Asks: 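Attaching a single structure in structure tokens format; questions to follow.
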Amino acid sequence: MDREVTPSQSEWLVMEVFWASDSSLTAKEVIQKMKGKSDMSPRMVRVLLNRLWQKGVLSYAVDEHDARVYHYTAMKSKEECQKEKSRKFVDSYFAGSRKNAMAALLQSAELTKEQFQELEDILEQCKDKGRE
């Protein structure tokens, strides 16, 4: 089985902190920013940071003044991770059929006319890309 390279649900919460930040963050800073958003222990946050590094979603640099401190940086954007998660979801639950996945999502959604129009516009853009 392929090694998982997309963030899990808990890891996603950690990544939201990075995606909202414009700079690298230490584990201590991530833990501080997650207070009130999650009941994860500081130890669990550190474990998740390590997993995200192993998956290539984060990179780190050792602090030049204190080798015990790592400065983590997001290597993948939220959009990249969403695309990877979407592909994995379609492959896992719809045998790779993007059409069936989209149909299932649309049939179960309660959308306004404006939202349907937005989706139609997106489909038109995708059609135009396919013709190029």
Side-chain angles (χ1 to χ4, degrees):
M1 185 166 183
D2 291 336
R3 183 176 73 100
E4 182 61 54
V5 294
T6 61
S8 67
Q9 191 171 353
S10 337
E11 293 164 351
W12 199 274
L13 294 173
V14 173
M15 287 308 299
E16 289 287 354
V17 172
F18 283 95
W19 292 324
S21 175
D22 290 336
S23 60
S24 65
L25 299 168
T26 64
K28 187 175 181 179
E29 291 168 330
V30 173
I31 291 164
Q32 188 63 37
K33 289 179 182 282
M34 289 190 68
K35 281 189 178 165
K37 296 179 186 175
S38 170
D39 60 353
M40 272 187 239
S41 70
R43 179 175 166 77
M44 178 52 93
V45 172
R46 291 177 195 281
V47 166
L48 295 175
L49 289 169
N50 186 47
R51 287 183 190 165
L52 287 161
W53 170 74
Q54 290 174 346
K55 290 179 177 183
V57 181
L58 290 178
S59 68
Y60 72 85
V62 178
D63 189 277
E64 59 188 52
H65 303 293
D66 187 347
R68 298 171 297 173
V69 177
Y70 294 176
H71 296 269
Y72 293 93
T73 305
M75 295 300 293
K76 293 184 180 180
S77 69
K78 187 174 188 174
E79 293 74 22
E80 288 174 294
C81 289
Q82 286 172 330
K83 285 180 183 178
E84 288 176 9
K85 275 286 193 198
S86 296
R87 278 192 291 273
K88 189 109 176 138
F89 175 77
V90 170
D91 291 344
S92 296
Y93 296 98
F94 296 93
S97 172
R98 278 115 180 95
K99 178 187 72 75
N100 289 348
M102 289 179 57
L105 290 171
L106 285 171
Q107 289 167 353
S108 66
E110 294 180 17
L111 301 172
T112 65
K113 284 185 178 186
E114 291 80 19
Q115 290 169 325
F116 271 112
Q117 184 59 51
E118 287 177 45
L119 289 172
E120 286 177 359
D121 293 345
I122 292 169
L123 284 171
E124 282 301 318
Q125 290 171 2
C126 291
K127 271 196 235 178
D128 292 343
K129 280 185 186 178
R131 291 181 191 140
E132 292 174 358

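Note that the structure is a prediction, hence the values are computed from the model and not measured.
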Asks: Tell me whether Ser92 contacts the main-chain N or O of Phe89 through its side chain, where contact means a donor paired with an acceptor under 3.5 Å.
Replies: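 Looks like no, no N/O pair under 3.5 Å.
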Asks: So, for Leu13 and Ser38, which heavy atoms are closest and what is the spacing to 0.1 Å?
Replies: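 Looking at all heavy atoms of both residues, the shortest contact is CD1-OG, 4.5 Å.
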Asks: Within this structure, what is the CD-CG distance for the pair Gln117 and Leu111, rounded to the nearest 0.5 Å?
Replies: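 Rounded to the nearest 0.5 Å, the CD-CG separation comes out at 12.5 Å.
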Asks: If you look at every heavy atom in Lys76 and Trp19, which pair is closest and at what distance?
Replies: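 So the two residues come closest at O-NE1, 2.9 Å.
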Asks: Counting only heavy atoms not in Asp66 (residues, nucleotides, ligands), do more than 12 fall under 6.0 Å from its CG?
Replies: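 Yes, the 6.0 Å shell around CG holds more than 12 heavy atoms from other groups.
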Asks: Mind checking whether Val62 and Val30 sit in one hydrophobic cluster, side chains of I, L, V, M, F, W, Y counted as touching below 4.5 Å?
Replies: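 Result: yes, single cluster for both.
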Asks: Does Asp121 reach the side chain of Glu124, with side-chain heavy atoms less than 4.5 Å apart?
Replies: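 Asp121 vs Glu124: side chains apart.
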Asks: Atom CE in Met34, atom CG in Asp39: separation rounded to 0.5 Å?
Replies: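 It is 9.0 Å, given to the nearest 0.5 Å.
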Asks: Indicate the atoms forming the closest heavy-atom contact of Cys81 with Val57, along with that distance.
Replies: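 Closest pair (atom of Cys81, atom of Val57, distance): SG-CG1, 4.3 Å.
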Asks: What's the separation between atom CD in Glu79 and atom CD in Gln82, rounded to the nearest 0.5 Å?
Replies: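 These two atoms lie 6.0 Å from each other.
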Asks: For a side chain to side chain contact (heavy atoms under 4.5 Å, CB included) with Leu25, tell me which candidate from Tyr60, Tyr70, Phe18 qualifies.
Replies: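 Going through the options one by one, the only one that passes is Phe18.
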Asks: Quick check on Lys55: does its NZ atom have over 12 non-hydrogen neighbours (other residues, nucleotides or ligands) under 6.0 Å away?
Replies: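 Yes, the 6.0 Å shell around NZ holds more than 12 heavy atoms from other groups.
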Asks: What I'd like to find out is whether the side chain of Arg98 reaches to under 4.5 Å of the side chain of Asp91, using heavy atoms alone.
Replies: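 Side-chain contact under 4.5 Å: yes.
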Asks: Do Val14 and Val5 land in one hydrophobic cluster if side-chain heavy atoms of ILVMFWY residues count as linked below 4.5 Å?
Replies: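 Unlinked, Val14 and Val5 end up in two clusters.
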Asks: Please give me the minimum heavy-atom distance between Ala74 and Met15, naming the atom from each residue.
Replies: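 Looks like CB-CE, 3.9 Å.
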Asks: Got a second to check how far Gln115's CD is from Leu106's CG, nearest 0.5 Å?
Replies: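 So the gap between those two atoms works out to 11.0 Å.
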Asks: Counting C-beta onward and ignoring hydrogens, is there a side-chain heavy-atom pair between Leu49 and Tyr72 closer than 4.5 Å?
Replies: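 Yes, their side chains come closer than 4.5 Å.
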Asks: Taking Lys85 for the side chain and Pro7 for the main chain, is one N or O donor matched with an acceptor at less than 3.5 Å?
Replies: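 The answer is yes, because a donor-acceptor pair under 3.5 Å joins these two groups.
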Asks: Between Lys83 and Glu80, does at least one N-O distance fall below 4.0 Å, as a salt bridge requires?
Replies: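 Answer for the salt bridge query: no.
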Asks: So that I can tick it off, tell me whether Glu16 and Lys37 are bridged by a salt bridge, with the cut-off set at under 4.0 angstrom between side-chain N and carboxylate O.
Replies: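 A salt bridge is absent here (no side-chain N lies under 4.0 Å from a carboxylate O).
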Asks: Assess whether atom CE of Met44 is packed by more than 12 heavy atoms of other residues, nucleotides or ligands within 6.0 Å.
Replies: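 12 or below, so no.
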Asks: Give the cluster check for Trp53 versus Val47: same hydrophobic cluster or not, with ILVMFWY residues linked at side-chain heavy-atom distances below 4.5 Å.
Replies: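 Yes, Trp53 connects to Val47 through the hydrophobic network.
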Asks: Do Ile31 and Arg46 touch side chain to side chain, with heavy atoms closer than 4.5 Å?
Replies: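 The answer is yes, as the side chains (C-beta and beyond) meet within the 4.5 Å cut-off.
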Asks: If you take all heavy atoms of Gly56 and Met75, which pair is closest and at what distance?
Replies: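 Taking every non-hydrogen atom into account, O-CB, 3.5 Å.
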Asks: Roughly how far, to the nearest 0.5 Å, is CG of Leu52 from OG of Ser59?
Replies: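 Result: 11.5 Å between the selected atoms.
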Asks: Would you name the heavy atoms of Ser24 and His71 that are closest together and state the gap between them?
Replies: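 So the minimum-distance heavy-atom pair works out to OG-CB, 3.8 Å.
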Asks: For the CG atom of Leu58 and the CZ atom of Arg51, what is their distance to the nearest 0.5 Å?
Replies: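 Output value for this atom pair is 13.0 Å.
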